Protein chains: 2
Amino acid sequence: MALMAKEARRRVGRPTHRRPKVAVPPGLDRREQIVAVAGSLFAEKGYNRTSMRDIAEAAGLLSGSLYYYFSSKEELFLEVHGTGMKILTQATRSALEQGGDPWTRLGHLAAAHCRAVLENQGFMIMVFPEFPEEINEYHAEFVRQRDEYERIVSDTIGALDLPPDLDRGLYKLQFLGALNWSQTWYRAGGRFTPEDIGHHFVRMLRPR
Amino acid sequence: MALMAKEARRRVGRPTHRRPKVAVPPGLDRREQIVAVAGSLFAEKGYNRTSMRDIAEAAGLLSGSLYYYFSSKEELFLEVHGTGMKILTQATRSALEQGGDPWTRLGHLAAAHCRAVLENQGFMIMVFPEFPEEINEYHAEFVRQRDEYERIVSDTIGALDLPPDLDRGLYKLQFLGALNWSQTWYRAGGRFTPEDIGHHFVRMLRPR
DNA sequence: GTCTATACAGCGATAGAC
DNA sequence: GTCTATCGCTGTATAGAC
């Protein structure tokens, strides 16, 4: 017992140089690393079942140190969410730049969305609603982050030659719903690539 | 202080007759009442943010007493989930009995699904995946409960005159995805009834 | 069958040394 | 900037009286 105490003592003040246990893209600063690691764990286990201690361990430091970068777990999540939305928004914008007629563009959008959401599961998955459950003080900020992306979708749908009596709002919800739900069943290496899935969805939603 | 202790003492062993704080359908036995109350709270706040103490209070007893009926919170959730799936399965079967051609039947199914899922939010909402997050020892049982319902959907889709090169599995996932996702945005009293939503989704997914 | 009382674990977060 | 150490709280679950 006394020995253990002594051994523990020796480490006081010495950095432990814990190695991160989760691979993250290189070239990220410490803060970004933590966001990446946290995103990966949230994606894997969900928000509630991922503790600050888990995140700290995976990132190679101790839980107390996280609070040097983030004032709370919710603030950390907000940043993860925002990073995910940025990836999605960027991927979608690039895809739309390929141009084409409105239906082709929607196909590009769907494919890009699926790829971003399904292939970045190691970095983020929750890109969407209700993960840290319900209303909290950051709710408005979550919505803001999401709205920027949803506007891109609305604009793309707005250009389609849909029947005039068909509700665009419902169409968008159906489209995004199927896209987002794919996170619950998609497994890498299956019969379909994310692009296949996106294109298939658009094909099925195209009136003839 | 001494007074408080004395007053507290007087209640020992006496039932407190707490009244349930959540309305539940009449004619349910105690166990079923608890399931109904728990379902309502899970739907409202999510699984993780609903504590056993919350459930007990809403059901009109104390948390310890819950363990007379259920050995764990997860077991209670499993029962809530199962009850929800029974409601959904039953509602869908009834709707399909109206008959009609395959597309009419799919419309009935979608409408019934939406109504069951969206209007029973007071009783259950989570009818679907990943609520108590990820794999646990009851996972197989959750899947079993869900599969019975999904078979009904598969059968109904199987009867449609879809193009032969169109994947039925993906079609089902797209269909159910949009339906399930509606839980995240639907608010009672909006422009659309659950039936509107279901029929709209089917209309959009119908090739011409 | 419901209560009282509490064990015990895990969480988010903070203080202060280095 | 990271550590050690710990506080205060809440959660699930249990034991035993009635």
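The structure displayed is predicted, hence computed values, not measured ones. Proteins get letters first, then strands, A, B, ... in listed order; numbering begins at 1 in each.
- A donor-acceptor pair shorter than 3.5 Å cannot be found between the side chains of Glu79(A) and Thr83(A).
- When distances run from any side-chain atom of Tyr69(B) to the nucleotides dG1(C), dT2(D), dC11(C), the shortest one goes to dG1(C).
- Distances shown here put every side-chain N or O of Tyr68(B) at or beyond 4.0 Å from the OP1 or OP2 atom of dT2(C).
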What protein N or O atoms touch nucleotides 13-15 of chain C N or O atoms at under 3.5 angstrom, if any, and at what distances?
from	atom 1	to	atom 2	distance (Å)
dA13(C)	OP2	Tyr67(A)	OH	3.0
dA13(C)	OP2	Lys73(A)	N	2.8

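- A straight line from CD of Glu75(A) to P of dG12(C) spans 15 Å, rounded to a whole angstrom.
- Here the side chain of Leu62(A) is nearest to one of dG12(C), dG1(C), dT4(D), namely dT4(D).
- Taking the six-membered ring for Trp, Tyr171(A) and Phe201(B) have ring centres at least 6.0 Å apart.
- With rounding to whole Å, Leu66(B) atom CG is found 13 Å from dG11(D) atom C1'.
- In this structure, Phe70(A) has its ring center no closer than 6.0 Å to that of Phe77(A).
- The salt bridge (charged side-chain N to carboxylate O under 4.0 Å, His left out) contacts involving residues 82-95 of chain A comprise Arg93(A)-Glu148(A), where partners must be two or more places apart or lie in separate chains.
- Side-chain contact of Glu150(A) with Ser154(A): a donor-acceptor pair under 3.5 Å is absent, judged by distance alone.
- For dT2(C), the OP1/OP2 oxygens have a side-chain nitrogen or oxygen of Arg30(B) closer than 4.0 Å.
- For His81(B) and Tyr138(B), the ring centers sit 6.0 Å or farther from each other.
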